[in-house]
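What follows is a single structure, written as structure tokens, with notes after it.
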Amino acid sequence: MTSSPEPIAGAAKGAPLAGVRVLDLTRLLPGPLGAMHLADLGADVIKIEDTGAGDYASPSVRALVNRNKRAIRIDLKHAQGVATLLRLCREADVLVEGFRPGVMQRLGVGYEAVAAANPRIVYCSISGFGQTGPLSGTPGHDLNYAALAGVADQVGNAAGPALSNLPVADLLGGTMTAVAGILAALFDAARSGRGRHVDIAMADGVLAHAVLPLAGLHQHGEVPRIGHSALTGALACYGYYRTADGRQLAVGALEPKFWHDLCRLLERPDLAPLHRSGDAATEERLRAELAAIFGARPLAHWRSLFHDGTGCVTPVLRIDETLAHPHFRARGMRVAADDAAPPQLGCPIKMTGFEPSVPRAAPRAGEHTDEILRQAGLDASAVAALRAAGAID
């Protein structure tokens, strides 16, 4: 692994990925967020955008998934732009790209070309359906990947599949699977001196975590119908209930001990024997009973009654309420570059000997172009020549 020729301002002491350099060519959400996780852990992440539209994520999303990075703009349709990227690759440990399969090869910076410049580089490609297979060139979005992976069929209730503002295929299938693959390949590269091409398909990633539907198939010979399995609405003890003020409670009293605690606090011991009855009609009656109980009082009442999580009952919070919650504040999950900056989500990985630093704001497109190329060995005149040629911006 390489060390940056110049220390990165604001890098945290004890950062586990200090000295690792990542070239991030991705856009929008899955790749940028994955690269940001690496940056939060100390990697020097360089965000590389084209000289046209660049990363066209909305400004608010861009700000949340690109902190702690530096930025450069390179035109990869220009021969000198390709040469510039390959030059950066020689001193990098990781390259992450999220284009459709074949695009990087056509630009002259596919895995083979990059590995020729740096055999130890870890080259991660994130796509919807992967670099191989009949669907490799097929476009899609999060709900398409989840649909074909058999996951959308299991997310929702008896009314049907549910849309989500937390795209599980993008984030679980793309972001986190890519991070795991990159770290595994980096570990091996440190031992062997050889990198790998890490092929991440968002559809594969979300399918690989569909454990409970597959367990149901193995156990019952058929996939559980949505709304008829334990976690999608078959049980009254596991679900959401509306309160008197239109808010929601999450009730997760799956185990008998939690259910008995719930019944005790509700002063309804008569409901205790009905737990997980196995009878659909009984579950429906119990659900109606709980709906009437919880619907009679506002959320504040139930938050007070179940303040310590007894019975596995918690309020359904909005993200602003979550960021203000004492627990998540104590865990460092609300961070900001300064007092005036909008809050961001903290690094979810905690470990001994490392405390994430105050985050650096997401860079402007091309903000660090001159600095990065100077570190790559180009003098001011060479940088000016590339800019005049249109290879960089």
Side-chain angles (χ1 to χ4, degrees), residues 26 28-38 40-41 65 96 98 101 122 124-136 138-158 160-188 196-235 238-240 250 252 254-255 312 314 316 319 322 333 345 347-350:
T26 62
L28 299 176
L29 185 60
L33 183 57
M36 192 192 79
H37 286 319
L38 301 178
D40 283 351
L41 294 172
V65 300
V96 192
V122 172
C124 179
S125 297
I126 305 173
S127 62
F129 295 104
Q131 302 298 302
T132 62
L135 297 181
S136 62
T138 303
H141 287 292
D142 179 83
L143 82 168
N144 304 119
Y145 312 138
L148 283 178
V151 171
D153 175 66
Q154 296 289 300
V155 178
N157 54 34
L163 294 172
S164 170
N165 205 27
L166 196 152
V168 293
D170 282 358
L171 301 178
L172 177 63
T175 296
M176 298 312 297
T177 308
V179 170
I182 288 168
L183 293 178
L186 265 179
F187 180 79
D188 183 61
R196 298 172 185 258
H197 187 188
V198 179
D199 174 9
I200 300 296
M202 288 178 266
D204 290 353
V206 72
L207 171 59
H209 292 86
V211 174
L212 295 183
L214 187 58
L217 177 62
H218 289 170
Q219 183 176 356
H220 303 294
E222 61 181 7
V223 178
R225 285 188 298 142
I226 193 169
H228 296 267
S229 61
L231 303 187
T232 64
L235 300 176
Y238 192 88
Y240 298 114
L254 285 171
E255 294 84 359
C312 291
T314 55
V316 177
I319 191 71
T322 297
M333 289 307 298
L345 302 173
C347 178
I349 301 170
K350 320 297 183 187

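Note: hydrogens, waters and symmetry copies are ignored here, and every other heavy atom, side chains too, is used.
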**OP:** Please test L135 against L148 for side-chain contact (heavy atoms from CB on, under 4.5 Å), starting from the C-alpha separation and ending with a verdict.
**Re:** CA-CA 11 Å; L135 297 181; L148 283 178; 4.0 Å; yes
Subject >> Heavy-atom closest pair, residues I126 and V96 >> reply: CD1-CG1, 3.9 Å
Original post:
Has the side chain of S127 got a donor or acceptor atom that lies under 3.5 Å from a matching backbone atom of G130?
Top reply: yes
Original post:
If you look only at pairs with a residue in residues 168-188, which of them pass as a salt bridge (charged side-chain N to carboxylate O under 4.0 Å, His left out), with sequence neighbours excluded?
Top reply: D188-R191, D188-R196
Subject >> Nearest atoms (heavy-atom pairs only) where I226 meets Q154 >> reply: CD1-C, 3.9 Å
Subject >> Straight-line distance of L214 CG to Q219 CD, nearest 0.5 Å >> reply: 11.5 Å
Original post:
Is the side chain of D40 donor-acceptor paired with the backbone N or O of C347 at a distance under 3.5 Å, no angle test?
Top reply: no
Original post:
Has H228 got more than 12 heavy atoms of other residues, nucleotides or ligands less than 6.0 Å from its NE2?
Top reply: yes
Original post:
Where do C124 and I182 come nearest, in terms of heavy atoms and distance?
Top reply: CB-CG1, 3.8 Å
Subject >> For the student: nearest non-hydrogen atoms of A185 and V198, plus distance >> reply: CB-CG2, 3.9 Å
Subject >> salt bridge (charged side-chain N to carboxylate O under 4.0 Å, His left out) partners of D153, counting only residues at least two apart >> reply: none
Original post:
Rounded to the nearest 0.5 Å, what separation is found between the CG atom of D142 and the CG atom of L171?
Top reply: 7.5 Å
Subject >> Nearest-0.5 Å distance that lies between atom CE in M202 and atom NE2 in H141 >> reply: 10.0 Å
If you look only at distance, which donor and acceptor atoms sit under 3.5 Å apart when one is on a side chain in residues 30-37 and the other is two or more places apart or in another chain?
none

Original post:
Which residue pairs satisfy the salt bridge (charged side-chain N to carboxylate O under 4.0 Å, His left out) criterion with at least one member in residues 217-229, sequence neighbours excluded?
Top reply: none
Original post:
Within a strict 4.5 Å, meaning less than it, do heavy atoms of the L212 and L231 side chains meet?
Top reply: yes
**OP:** For L172, enumerate each residue passing the side chain to side chain contact (heavy atoms under 4.5 Å, CB included) test, keeping only those at least two apart in sequence or located in another chain.
**Re:** H209
Subject >> Least distance between heavy atoms, A169 atom then A146 atom >> reply: CB-N, 4.2 Å
Subject >> Gap between atom CG of L38 and atom CG of L186 - 0.5 Å precision >> reply: 8.0 Å
Subject >> Under 3.5 Å: donor-acceptor pair, side chain of Y238, backbone of A230 >> reply: no
Subject >> Flag side-chain contact, heavy atom, 4.5 Å: S164 against V155 >> reply: no
Original post:
Can you name the side chain to side chain contact (heavy atoms under 4.5 Å, CB included) partners of A149, sequence neighbours left out?
Top reply: V151, V206, L207
